[in-house]
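Notes follow once the structure below has been shown.
Start at 1 and go down the list; that is how both ligands and their atoms are numbered. Position 1 is the first residue of the sequence; numbering continues from there.
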Amino acid sequence: MLRHASYSPPVKNAAEILAMREACTVAATVLDRLCDFVAPGVNTYDIDQEGKRLMAELGCESACYNYQIGNKSFPAYTCLSVNDEIVHGIGDLKTVLAEGDNITVDVVIRYNGWIGDNARTVIVGEGSEEMQQLVATTEEAFYKGMAQARSGKRVGDISNAIQRFVESKGYTLVREFVGHGVGTGMHEEPQVPNFGRRGTGDRLRPGMTLAIEPMVNAGKAAIRMSNNGWTAHTRDGKPAAHYEHTVLITEGDPEILTIPKK
Ligand code: MF3
Ligand code: CO
């Protein structure tokens, strides 16, 4: 995209924020219920189908299904990424979850024309100490980033907080996929990388809605792409974790919009 000096990422007005709030509540409710469906012996095709069913029940549609990048079109309703899969995993009858696996459930929905985007990695059963550490660190990294999502700060402040925290724990951050603005489109400006320098990038303003989403590898940062053209794996085969919410920048504290309905 061409940018000039006066460019600044989209800011939502009160009505648009209300619409985002509603979409994000639905997205979070689908994610919550879908995570409850995760269990040993369940295959990821069935989890995706349950996602499709929940979306219909809640009156929204998948923003992933048929999502186009170049000439590819995403074939599933949710992204389900197991163990060394980082993002954009595709549910599959042959991928049967076992105790100790991790699965990232990533739900992006459209409701009344607005997008809600959220994801988290859950462990099937209890999982190893290492797996628990990885998942907990990824979630904490999100909160470190969100703490910087304040009016007057810059995108690089979020990025840097995530990077410093994750690397201090001995993990690495994926470079090829980043957080992003969310609105009527799934990926709006600005990009929100999970690495970067403080005080750089776009200035944050009240009314911006950002998907902040650390993708953390237990081993090295390098990825490899699956033959399916969508799914990113860790190159070294070690597990990855992901944690994402849609966050509203306000005059004061940032607000997570992707909070489920009771
Ligand atoms: N949360 C993911 C993202 O922001 C979801 C992508 S959906 C897909 O990239 F259609 F691209 F798979
Ligand atoms: Co996202």
For Glu126, I'd like to know if atom CD has over 12 heavy atoms of other residues, nucleotides or ligands within 6.0 Å. no
Could you measure the distance from the CE atom of Met146 to the NE2 atom of His245? Nearest 0.5 Å is fine. 8.0 Å
Under a 4.0 angstrom heavy-atom cut-off, which atoms of ligand 1 come close to Phe74? 10 (F), 12 (F)
What residue and atom, counting heavy atoms only, is the protein's closest point to atom 3 (C) of ligand 1, and at what distance? His187 NE2, 3.3 Å
Should we count CZ of Arg197 as having more than 12 external heavy atoms under 6.0 Å? no
Could you identify the N, O or S atom of Glu213 positioned closest to the Co ion (ligand 2)? OE2
Closer than 4.0 Å to some heavy atom of His180 - which atoms of ligand 1 meet that? 4 (O)
Electrostatic pair Asp46:Arg53 at N-O distance under 4.0 angstrom: no
Checking only N/O/S atoms, does Asp106 have one that is under 2.8 Å from the Co ion (ligand 2)? no
For atom 5 (C) of ligand 1, the closest protein heavy atom turns out to be Val108 CG2, 3.6 Å
To which protein heavy atom is atom 11 (F) of ligand 1 closest, and what is the distance rounded to 0.1 Å? Tyr67 CD2, 3.4 Å
Atom name, Glu244 (N, O or S, nearest to the Co ion (ligand 2)): OE2
Are Glu130 and Lys238 close enough for a salt bridge, meaning some N to O gap below 4.0 Å? no
Salt bridge between Lys169 and Glu140, side-chain N to carboxylate O under 4.0 Å? no
Report, in ascending order of atom number, the atoms of ligand 1 lying under 4.0 Å from any heavy atom of Glu213. 4 (O)
Test item, Cys79 contacting ligand 1 (heavy atom, 4.0 angstrom): yes
Looking only at protein heavy atoms, what sits closest to atom 6 (C) of ligand 1 is His88 NE2, 3.5 Å
So, are Arg21 and Glu255 salt-bridged, with charged N and O less than 4.0 Å apart? yes
Just by distance, no angles: are the side chains of Asn66 and Ser73 close enough, under 3.5 Å, to form a donor-acceptor pair? yes
How large, to 10°, is the angle at the Co ion (ligand 2) when you draw lines to OD2 on Asp117 and to NE2 on His180? 90°
Which protein heavy atom lies closest to atom 1 (N) of ligand 1, and at what distance to 0.1 Å? Asp106 OD2, 2.8 Å
Scan side-chain atoms only and decide if His88 and Tyr67 contain a donor-acceptor pair under the 3.5 Å cut-off. no
Which residue owns the protein heavy atom closest to atom 7 (S) of ligand 1, what's the atom, and how far is it? Cys64 SG, 2.8 Å
Min N/O separation Asp117 to ligand 1 under 3.5 Å: yes
So, Arg150 and Asp253, do they make that salt bridge, N to O below 4.0 Å? yes
When you measure from the Co ion (ligand 2) to the N, O or S atoms of His187, does any of those distances fall below 2.8 Å? no
